[in-house]
Amino acid sequence: MAMATAAERHGIDGTLARAKMRGLPVRLLAWMPLAVMVVVSAIELALADRKYGLFSGGFGQSRAVDTPAELFQFAVGYALAQALVAMAGWLLALRLARGRPGWAAAYVFALVNGAGFCLLLAAQYQLHSYFSDTVNFSLLSKLGGGSLADALLFAASEIGIALAGLAALGLAAWIVWRIALRALPAGVAPPQRPRAVTLVALACAFLVAAQAIFAIRSDAAFGLGRTLAWSGLAAALDGATDFDSDGYGLFAVQRDGAPFDAARHPLALDIPGNGIDEDGYGGDLALVPLAAPLGPQAFAGDRPHVVVVVMESMRGDVLGKRVDGKPAAPNLEALAAAGSVAQPAYSHVGFTTESLKSMFTGQLVPPPGAPSLFRDLKASGYRIGVFSGQPEDFGDISETVGMREATDVYVDAEDLREKRAFDFAAKGSLLVDESHLLAAFDRTLGAQDWDAAPHFVYFNFQTAHFPYHHGDVAPRLVEEPIARGAIGADRAADVQATYWNAVAHADAWLGEVIARLKAKGAWEDTILIVTGDHGEDLFEDGFLGHGHVINHRQFGTVAVANRPGVLPRGPIGLADYRAILAAAIRGEAPPAPVAAPFLHIGPLSAPTAIGLAGEGDELTSLRVDTGEACLVERGECAPHDGLRPAARARVDALIARWGSERWRSHRAQAAD
């Protein structure tokens, strides 16, 4: 065979080169969906762990996916959800790219499942950076002072940036498309559609995995709920299986046990005495006695001054706490030794806003305008001052208990915004050191003649709030407080030492309050109550924060009075304080609580967990979302349906209390 000429060889080489060029996009098409989904999945999981502590835990994270079984469930569910979304995106890309170059499908997929997915992630995490997981129209409206339009104006700069970013992305996508049309060969055949059997098999695998994961009710299900693909698919399936339109289907942690009966579903209102167990817990509701709401109180005659000091996140084990031999709260301990103590005292909800509402009104869920300590004392001729290191309008605290309408001097973190300890300007993040509160007191109410009228002063000390340290905190118990960015379960001892140092700082300013009262000659005529709004977990069980797990550390605090006989023995709840103070002002013995402290996480009508305190340290809890019941003081937990008789009796008493509280709240709302 004759040797090929140079021209022929050149032609053969050119043909091979063009063939290789055509093969390159084909190979890219084959791997593009997988590459895009791997990248966006890595981004999502990294963000979820950074924001929520999805795998590593962190502040406010009670359901980290951190055991081998949970990690396996999460991996299976996440992979199937991502694969299903990727398959749907690929089919969409093929349809949109029909009649265009073969590589166009990969380009569309990268835009939709890549850039589009990342945009959704960015929007989600930007919203949560402002509102956590509670974002809704009501909260947006409150941010704008009651006007949704004002709230949108408040966020206008962020919205403008987002729109500009979206426009820039669109322009970049168009430019890349134009370049690709010139640079990539047009003769590449489009990829084949996925086989129908593959789609069916993948969908069936997801359905089976979702049912199994939701049935197990482990932390993997809650972790998957933090991800876009899983949460979107599960919500769609749950809605599709809500056959009786009661809001509950078959694809959620709280599944509908009666899918064709709209009156029976998780969190349904249990109607007492009708023979039906609407919510699936405890059988038909039998009502238990509850304390009657305390009406308006009036005080006459020789009335004592009243001072209430709330120390943020003060745990119930503060009395007697030592760090390297030093007391965490020497002033509080001295007060307790000379006066009276109620221990344990419980927050009903584990969060500040609702705790303060309960404390000042005496109600678990007070309606707007409810009788309150502020309204009682104002009507009784007291001069009233508020000095708070937090914004008391946040969460409608002030409006609910009548702070602004009743006070003669009102100073909170909003008024002292320029003195805030951190750069954060969001209302919920404002924190002002106690020194500024005492300075404001000295300028105003503290400079007045207290012999002319009885006085009521409310101090709110915020230093012991996360991250437990700011620039004004002196090193009383620890030389090197842990920095916010270094807080983690691996530094639990340092976190705990920093927290107790913050408590010691607040306690030192409590000593200043006492010193000022004594200097004015008002101490002997003053009833002083010191308490916390809730407690705090400090990684003892791998959790940091409060209001997420019903236990003694997160929900427990302590109440101390400067006079003997003012406080009953514990356990008491914050809702008992108003009646206790009313009796103390009249010089009467403290009333014994009618009902044991009831605790709940989430709204009373739809909690994720409920609890009931008993004598001593007895504490019973039930996770309504998973059915896990615990005798907390024993560390014993089991499914609600599998409890021993003695444990079952405690949990049934808890369920009856919850049902009774819900029923009373329902009747009150219906009456309004």
Side-chain angles (χ1 to χ4, degrees), residues 62-63 210-222 225 234-235 237-288 290 349 364-365 548-550 598-612 619-632 636-667 669-670:
S62 61
R63 291 167 174 161
Q211 278 291 294
I213 290 170
F214 283 132
I216 294 170
R217 293 183 173 185
S218 74
D219 289 341
F222 294 95
L237 288 170
D238 198 55
T241 54
D242 182 13
F243 305 116
D244 51 12
S245 300
D246 58 9
Y248 292 87
L250 304 178
F251 287 85
V253 174
Q254 292 178 297
R255 296 187 292 176
D256 197 342
F260 299 101
D261 184 351
R264 297 168 55 203
H265 56 78
L267 302 177
L269 180 67
D270 206 345
I271 301 172
N274 68 347
I276 302 173
D277 181 10
E278 283 87 355
D279 60 9
Y281 280 116
D284 186 28
L285 173 63
L287 295 175
V288 299
L290 302 176
V349 294
L364 202 62
V365 186
H548 291 265
V549 177
I550 290 180
F598 174 75
L599 323 177
H600 58 102
I601 298 173
L604 180 64
S605 60
T608 58
I610 53 177
L612 191 65
L619 184 59
T620 310
S621 72
L622 173 68
R623 273 182 57 170
V624 180
D625 54 356
T626 65
E628 181 185 61
C630 295
L631 308 184
V632 177
E636 298 178 3
C637 298
H640 170 258
D641 295 335
L643 293 171
R644 304 188 314 273
R648 184 63 177 262
R650 281 177 56 174
V651 177
D652 283 347
L654 164 61
I655 294 168
R657 174 65 180 280
W658 172 48
S660 299
E661 294 282 3
R662 286 187 73 194
W663 183 249
R664 179 166 72 175
S665 177
H666 167 74
R667 294 293 298 272
Q669 291 175 5

- Taking atom CG of Leu250 and atom OG1 of Thr241, what is their separation to the nearest 0.5 Å? 4.0 Å
- Say whether, by atom type as modelled, one donor and one acceptor occur between the side chain of Asp242 and the main chain of Gly249 under 3.5 angstrom. no
- Task: For Val651 and Ala629, work out which heavy atoms get closest and say how close.
- Result: CG2-CB, 3.8 Å
- Message: To the closest 0.5 Å, what do you measure between OG1 (Thr608) and CG (Leu622)?
- Response: 10.5 Å
- State, to 0.1 Å, how close Leu287 and Pro272 come at their nearest heavy-atom pair, and which atoms those are. CG-CB, 3.9 Å
Which pairs of donor and acceptor atoms, one on a side chain in residues 642-650, lie under 3.5 Å apart (sequence neighbours left out)?
from, atom 1, to, atom 2, distance (Å)
Arg648, NE, Asp652, OD1, 3.4
Arg650, NE, Thr620, OG1, 2.9
Arg650, NH1, Glu633, OE2, 2.8
Arg650, NH2, Leu619, O, 3.3
Arg650, NH2, Thr620, OG1, 3.0
Arg650, NH2, Glu633, OE1, 3.1
Arg650, NH2, Glu633, OE2, 3.3

- Note on the structure: Between the CG atom in Asp279 and the CD1 atom in Ile276, the distance rounded to the nearest 0.5 Å is 12.0 Å
- Note on the structure: On a heavy-atom basis, the closest approach of Trp658 and Leu604 is NE1-O, 3.0 Å
- Please report the closest heavy-atom contact between Tyr281 and Thr626, naming both atoms and the distance. OH-C, 4.4 Å
- OG/Ser665 to CG/Leu269 distance, rounded to the nearest 0.5 angstrom? 9.5 Å
- Query: Can you tell me how far the CZ atom of Phe598 sits from the CG atom of Leu364, to the nearest 0.5 Å?
  - Reply: 7.0 Å
- Inter- and intrachain pairs under side-chain hydrogen bond (donor to acceptor under 3.5 Å, both in side chains), touching residues 244-265, at least two apart: Gln211-Arg255
- Item | Ile271 backbone acceptor or donor facing Glu278 side chain under 3.5 Å | yes
- Message: Using side-chain heavy atoms (C-beta onward) and a distance below 4.5 Å, is Pro607 in contact with Leu267?
- Response: yes
- Nearest heavy-atom neighbours spanning Ala286 and Ser660: O-OG, 4.2 Å
- Task: Could I get the full list of side chain to side chain contact (heavy atoms under 4.5 Å, CB included) partners for Ala221, not counting sequence neighbours?
- Result: Ile213, Phe214, Val253
- Query: Could you give the distance from CG (Leu631) to SG (Cys637), rounded to the nearest 0.5 Å?
  - Reply: 7.5 Å
- Query: Taking all atoms of both residues into account, what is the closest heavy-atom pair of Ala609 and Ile550, and its distance?
  - Reply: C-CD1, 3.9 Å
